[in-house]
Protein chains: 2
Amino acid sequence: MTTRDKLLSATADALRCDGFGGLSARTIAARANVNQALVFYHFGTMSEMVQAATRKSVDESVAYYRDRFAEVQSLSELLAVGRGLHDRERGTGNVALMAQVMAGAQQDLALATAAADAMKAWSEEIERTVARVLAGTAMADLIDTAGFAQAICAAFIGLELFEGVDPAGGAAALDALETLGSLLGIVEGLGPVASRTLRAKLQRSGR
Amino acid sequence: MTTRDKLLSATADALRCDGFGGLSARTIAARANVNQALVFYHFGTMSEMVQAATRKSVDESVAYYRDRFAEVQSLSELLAVGRGLHDRERGTGNVALMAQVMAGAQQDLALATAAADAMKAWSEEIERTVARVLAGTAMADLIDTAGFAQAICAAFIGLELFEGVDPAGGAAALDALETLGSLLGIVEGLGPVASRTLRAKLQRSGR
DNA sequence: GTCTATACACCGATAGAC
DNA sequence: GTCTATCGGTGTATAGAC
């Protein structure tokens with residue numbers, strides 16, 4: 001393992017465990033058992049190191065889920081994968097990392113592009129799945145799949161932060177979303193007559 | 001305006017504009033045109049000052065919306081209020097403040113209780129509205145209103161962060177959620193026959 | 001309550017030997 | 001590439017005069 005890689009994974013670990021506060025070249029170098037000056041030799045600035053670490057972490061976890069998403073055949077299956085993903089990522093801390101980077105990115109232009117790229121990577125993967133699953137159902141032409149996928153990603157980030165300060169509340173919120181998802185799954189499975197009625201009502205209501 | 005109040009609103013402003021990074025007793029005192037040492041005289045620690053500022057800011061903005069929520073009579077009206085709230089709070093920066101505090105709270109126990117309280121204040125207000133609006137509809141006994149309200153709050157936080165790094169994406173996500181909300185609004189307005197069918201399907205699907 | 005002054009730790013970043 | 005040493009700046013927090 002090269003020094004560069006040691007620094008990258010130490011950065012990711014630090015973000016997962018200690019968040020953005022307390023993140024410094026010194027603490028990361030210590031975590032990686034590496035000299036502090038090497039941070040700047042390899043990455044130039046702290047911000048660029050965090051950027052690189054985020055990219056790496058996101059690419060890896062998106063790739064991990066690509067196959068799982070590919071097997072999903074319905075909205076309820078997607079929901080189940082989402083729940084599994086959430087449980088797993090709580091352990092790995094990847095969502096927590098994303099949340100920290102997004103929060104830090106609000107004031108840091110370089111980080112903002114990294115955060116936007118990360119969200120794009122996740123949401124494109126989810127959009128592919130959503131579009132495939134909804135193809136031919138009543139919801140296909142009612143919903144903007146890209147926006148829907150982005151909303152799912154954003155909600156995950158928010159849920160992760162919420163769970164961090166109120167675990168019970170976070171769990172309740174997730175359960176409620178799951179029920180809501182099941183509801184949509186039923187709409188998705190409605191027959192042609194019912195879905196025509198639904199579409200008519202939706203258009204009448206203004207969208 | 002007392003020194004204490006000047007410090008509180010300067011803290012809130014700093015969180016809204018510059019986020020958690022760059023937050024310090026010095027910068028806040030400068031913003032409030034107050035001596036730096038007074039931060040510690042009035043609040044003891046930085047963390048406690050941030051806590052107090054968060055409480056104040058949240059209490060004020062929840063109170064501001066209480067009347068609006070009280071007038072809501074349907075899910076689609078709630079959705080409209082939510083959209084208006086979102087647009088307004090983007091300007092005031094209150095949601096951004098919440099997001100920053102939640103991110104910082106992941107590693108700070110004192111801040112975590114403040115963040116949890118803030119979320120509670122918002123979600124209880126929303127829950128009251130949701131419960132009232134859904135009373136007597138098909139969805140009333142299908143959904144846990146408390147969890148639903150918490151999910152809405154969490155999603156708002158996530159959307160705010162997302163919008164900060166990708167404004168177009170954030171807008172698309174919000175639009176998609178609005179469409180989804182309209183869909184639910186229609187489910188809400190289904191006749192007794194259709195809703196009985198829905199309930200049966202939902203129970204069969206495992207919830 | 002408010003001020004100055006200051007202690008002490010840590011920060012990002014760089015220079016220069018090896 | 002890696003190390004030591006260090007610069008200048010900023011952080012929280014406190015002591016003590018007014």
Side-chain angles (χ1 to χ4, degrees), chain A residues 1-56 100-101 103-115, chain B residues 1-54 56 100-101 103-114:
Chain A
M1 206 177 186
T2 66
T3 296
R4 206 189 132 87
D5 285 335
K6 275 195 261 184
L7 279 170
L8 282 180
S9 61
T11 304
D13 286 349
L15 277 173
R16 284 187 261 256
C17 303
D18 304 330
F20 223 84
L23 199 73
S24 78
R26 285 169 150 88
T27 58
I28 291 172
R31 197 188 273 265
N33 281 316
V34 148
N35 189 285
Q36 175 258 331
L38 293 175
V39 166
F40 304 97
Y41 173 79
H42 284 286
F43 297 97
T45 65
M46 277 294 289
S47 179
E48 284 169 83
M49 183 166 71
V50 172
Q51 216 175 318
T54 305
R55 262 186 238 284
K56 193 182 166 218
Q100 289 296 323
V101 171
Q106 305 291 317
Q107 258 62 240
D108 182 322
L109 203 74
L111 264 185
T113 59
Chain B
M1 206 179 186
T2 66
T3 296
R4 205 188 134 88
D5 285 334
K6 277 196 259 183
L7 280 170
L8 283 180
S9 61
T11 304
D13 286 348
L15 277 171
R16 284 188 261 256
C17 301
D18 304 332
F20 219 82
L23 199 73
S24 80
R26 287 195 217 273
T27 59
I28 290 172
R31 195 187 276 267
N33 282 317
V34 150
N35 190 283
Q36 174 259 329
L38 294 175
V39 166
F40 304 97
Y41 173 78
H42 285 286
F43 298 98
T45 65
M46 276 292 293
S47 179
E48 282 168 85
M49 184 167 70
V50 172
Q51 215 176 319
T54 305
K56 195 184 165 217
Q100 290 296 323
V101 171
Q106 304 293 315
Q107 260 59 241
D108 183 320
L109 204 73
L111 264 185
T113 58

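Proteins get letters first, then strands, A, B, ... in listed order; numbering begins at 1 in each. Keep in mind that what you see is a predicted model, and the values were worked out from it rather than measured.
- The side-chain hydrogen bond (donor to acceptor under 3.5 Å, both in side chains) test applied to B:S9 returns no partner, not counting sequence neighbours.
- Listed by chain and residue number, B:L8, B:T11 satisfy the side chain to side chain contact (heavy atoms under 4.5 Å, CB included) test with B:A53 (two or more places apart in sequence, or in another chain).
- Remark: A:T3 in residues 3-23 of chain A come within less than 4.0 Å of DNA chain D through at least one heavy atom.
- By the salt bridge (Lys or Arg N to Asp or Glu O under 4.0 Å) test, A:D13 pairs with A:R16, sequence neighbours left out.
- Residues B:Q51 and B:A114 share a closest heavy-atom pair of CG-CB, 3.3 Å.
- Using a 4.0 Å cut-off on heavy atoms, none of the residues of residues 103-111 of chain B approach DNA chain C.
- Nearest heavy-atom pair across B:L7 and B:A29 is CD2-CA, 4.3 Å.
- Checked against side-chain hydrogen bond (donor to acceptor under 3.5 Å, both in side chains), A:S47 has the following partners two or more places apart in sequence or in another chain: A:D108.
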Which donor-acceptor pairs under 3.5 Å do side chains of residues 32-42 of chain A form with protein atoms, sequence neighbours excluded?
{"from": "A:N35", "atom 1": "OD1", "to": "A:A37", "atom 2": "N", "distance (Å)": "2.9"}

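- By the salt bridge (Lys or Arg N to Asp or Glu O under 4.0 Å) test, A:R4 is found to be paired with no residue, residues two or more places apart in sequence or in another chain being considered.
- Of all heavy-atom pairs between A:F43 and A:A52, the closest is CE2-CB, 4.1 Å.
- In the 5' to 3' direction, nucleotides of DNA chain D lying under 4.0 Å from heavy atoms of chain A begin and end at D:dG1 to D:dT6.
- Atom C1' of nucleotide C:dA13 and atom CZ of A:F43 are separated by 16 Å, given to the nearest angstrom.
- To the nearest angstrom, P of C:dG12 lies 15 Å from CG of A:L38.
- When each of B:H42 and A:S24 is assigned the nucleotide of DNA chain C with its nearest heavy atom, B:H42 is the one assigned upstream, toward the 5' end.
- Legend: salt bridge (Lys or Arg N to Asp or Glu O under 4.0 Å) pairs involving residues 26-48 of chain B, not counting sequence neighbours, sorted by first then second residue: B:D18-B:R31.
- The residue A:T27 sits close only to the backbone: its heavy atoms come under 4.0 Å of sugar-phosphate atoms, none of a base.
- For B:A103, the side chain to side chain contact (heavy atoms under 4.5 Å, CB included) partners two or more places apart in sequence, or in a different chain, are A:Q100, A:A103, A:L161.
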Show me the protein contacts with nucleotides 4-6 of chain C, counting only N or O atoms at under 3.5 Å.
{"from": "C:dT4", "atom 1": "OP2", "to": "B:N35", "atom 2": "ND2", "distance (Å)": "3.1"}

